Student: 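Pasting a structure here, questions to come.
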Number of protein chains: 2
Amino acid sequence: MKRRNTPAKEAVLSLLSNSKKALSQDAIEKELSININRATIYRVLNRFCDDNIVHKIVAEDGKQYFAICRKCEETNKVQYHFHFRCLSCDSIECLETPVNYLLPNGYKVQNATCVLTGVCNNCS
Amino acid sequence: MKRRNTPAKEAVLSLLSNSKKALSQDAIEKELSININRATIYRVLNRFCDDNIVHKIVAEDGKQYFAICRKCEETNKVQYHFHFRCLSCDSIECLETPVNYLLPNGYKVQNATCVLTGVCNNCS
DNA sequence: TATTTAATGCGAATAAGTCGCAATTAAGTA
DNA sequence: TACTTAATTGCGACTTATTCGCATTAAATA
C-alpha cells in the first residue's frame, strides 16, 4: 500500500519533527494551524508507527503519546529508552537512558515501554 | 478514613494473593465467584493502591493491571521493577529485574512504569 | 485528462474508568 | 443487644481516548 503525501501527513510530521517532546493526539490537534479531524490524526500517527517513523509511548495515564526520537533516527533503528512524563507540563520526553533488563528463559520481547513520571527540570 | 472488611474487599484480595500475575478489572470480575460491581472492584483496587497493598501497572494497551508483588512485600516498600505482558495469555507478571535509570538534573520521579511486551515462556 | 485507490471527514461505536447518589452494612458504642 | 455513623456498595449515567464504517475527496501516475 503506497503512501501519499497529504497536508495532514505533512503538518503532523513537521509538528513532531520540531517538537522535542512526545505529543498526544489532542496536543497535536491543538498545536496544528490547520484543522485536521481527530480520526485522521490518529490514522496518520498510526501509519507513521507502522513505517517506523515515530514511536508510540503509552503513559500511566493510559494515553498514547507520539514522538520522533532523535536517538532512534541516528542509529536508524528503534531503541528502547526511558521516557519522562512531567505531571506539570503534561509532556513526555525521550531520555538518553537505554532500557536494560534481564529476561528469564523462553521469554520473547517485542516491545518495551518505560515511563518515569514526576516533575521535569523546567517545572520544578 | 477507617477501612472496613467487606466480602468484596476480601474476595479481591484473596484472588490477587493467589495470583502470580497482575490482573485487570475485567479479569478479576470474571474470576471471582461472587458478583461484584465493576465500579466497586475499581474502588477496592484503588483503595489497595492507596494503602500500598497492591501496585498498579498501566500497559501499552492502556489498561490498568493490579498486583500484589512478592518482592515489594518482602522489602516492605514498593520497588520499581520490570513487568512482562504476554500477548498470548494477556497477563502481566512482575519480573525480578529492578528498574535502573539515570536522570538529568532537576528531575523528580514519583513513579516508574516499565513493561516489556511479548510472549512468555508458557506460551512460546 | 482519466483512472485508481489511499486518505479524509463525519458520526457512531467501543471500551476503560470514574462519579453522584441513594441504599446497605461493618464496626464501634451505649 | 440495639443504635448510630460513616464506609462501602450497586446502579446508571458520564467522560475520555480511540477506533470503525462509509461515503467523499484527492494524490499519483499512466
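Labels below follow one simple rule: chain letters A, B, ... track the order of the sequence lines, proteins then strands, and each chain is numbered from 1. In this text, all values refer to a predicted model and were calculated from it rather than measured experimentally.
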Student: Who pairs with B/Ser91 by side chain to side chain donor-acceptor pair (under 3.5 Å), at least two apart in sequence or on another chain?
Tutor: B/Lys21

Student: Could you grab the distance from atom CZ of A/Arg85 to atom OH of A/Tyr65, nearest 0.5 Å is fine?
Tutor: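 Nearest 0.5 Å value for the CZ-OH distance: 5.0 Å.
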
Student: With sequence neighbours excluded, tell me which residues meet salt bridge (charged side-chain N to carboxylate O under 4.0 Å, His left out) with B/Asp50.
Tutor: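 In terms of salt bridge (charged side-chain N to carboxylate O under 4.0 Å, His left out), with neighbours along the sequence ignored, B/Asp50 is linked to no residue.
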
Student: Between B/Arg38 and B/Asn35, who's closer to the 5' end of DNA chain D by nearest nucleotide?
Tutor: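 Here B/Asn35 is the residue nearer the 5' end.
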
Student: Sorted by first residue and then second, give each ring pair (Phe, Tyr, Trp, His ring centres under 6.0 Å) pair with at least one member in residues 92-124 of chain B; sequence neighbours left out.
Tutor: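 Counting only pairs at least two positions apart or across chains, the ring pair (Phe, Tyr, Trp, His ring centres under 6.0 Å) contacts touching residues 92-124 of chain B are A/Phe82-B/Tyr101, A/Phe84-B/Tyr107.
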
Student: Quick one: are A/Pro104 and B/Leu95 in side-chain contact, heavy atoms under 4.5 Å?
Tutor: yes

Student: Give the ring-plane orientation class for A/His55 versus A/His83, where under 30° counts as parallel, over 60° as perpendicular and anything between as tilted.
Tutor: tilted

Student: Determine to 10° how strongly the helix from C/dT1-D/dA30 to C/dA30-D/dT1 is bent, judged from the axes of its five-pair ends.
Tutor: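 The two end axes of the helix from C/dT1-D/dA30 to C/dA30-D/dT1 meet at 30°.
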
Student: So which of residues 39-50 of chain B are in contact with DNA chain C, with a heavy-atom cut-off of under 4.0 Å?
Tutor: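 Those residues are B/Ala39, B/Tyr42, B/Arg43, B/Asn46.
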
Student: How do B/Asn5 and B/Lys56 order along DNA chain C: which one's closest nucleotide is nearer the 5' end?
Tutor: B/Lys56

Student: Which ILVMFWY residues can you reach from A/Val119 by hopping between side chains whose heavy atoms are under 4.5 Å apart?
Tutor: none

Student: Could you tell me from which nucleotide to which nucleotide of DNA chain C, 5' to 3', there is an atom under 4.0 Å from chain B heavy atoms?
Tutor: C/dA16 to C/dA27

Student: Tell me the side-chain hydrogen bond (donor to acceptor under 3.5 Å, both in side chains) pairs involving residues 27-45 of chain A, sequence neighbours left out?
Tutor: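 Passing the test, one end in residues 27-45 of chain A: A/Gln25-A/Glu29.
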
Student: Hey, does B/Arg3 reach any base, or is it just sugar-phosphate, or nothing, if we go heavy atoms under 4.0 Å?
Tutor: sugar-phosphate

Student: Heavy atoms only: give me the nearest B/Ala59-B/Val115 pair and the separation to one decimal.
Tutor: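 Taking every non-hydrogen atom into account, CA-CG2, 4.3 Å.
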
Student: Let's see if you get this right: which residues in residues 12-27 of chain A place a heavy atom under 4.0 Å from DNA chain C?
Tutor: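 Within this stretch, nothing sits under 4.0 Å of the strand.
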
Student: Name the residue closer to the 5' end of DNA chain C, choosing between B/Thr6 and B/Gln64 according to the nucleotide with the nearest heavy atom.
Tutor: B/Gln64

Student: Looking only at heavy atoms, what is the nearest atom pair of A/Cys86 and A/Cys120, with distance?
Tutor: SG-N, 3.4 Å

Student: As an exercise, state the distance from SG of B/Cys114 to CG of A/Leu116, rounded to the nearest 0.5 Å.
Tutor: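 Output value for this atom pair is 6.5 Å.
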
Student: According to side-chain contact (heavy atoms from CB on, under 4.5 Å), who are the partners of A/Asn5, at least two apart in sequence or on a separate chain?
Tutor: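 Expected list: A/Lys9, A/Glu10.
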
Student: Is it the case that the side chain of B/Thr117 and the backbone of A/Gln110 share a donor-acceptor pair, with hydrogens and angles ignored and the cut-off at 3.5 Å?
Tutor: no

Student: Students should find this one: the first and last nucleotides of DNA chain D, 5' to 3', lying under 4.0 Å from a heavy atom of chain A. What are they?
Tutor: D/dA17 to D/dA28

Student: Kindly give the cluster partners of A/Val12, where membership spreads through any ILVMFWY side chain lying under 4.5 Å from a current member.
Tutor: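 A/Leu13, A/Leu15, A/Leu16, A/Leu23, A/Ile28, A/Leu32, A/Ile34, A/Ile36, A/Ile41, A/Val44, A/Leu45, A/Phe48, A/Ile53, A/Val54, A/Phe66, A/Ile68, listed by chain and number.
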
Student: Roughly how far, to the nearest 0.5 Å, is CG of B/Asn111 from CG of A/Leu87?
Tutor: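 One gets 9.0 Å once the value is rounded to the nearest 0.5 Å.
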
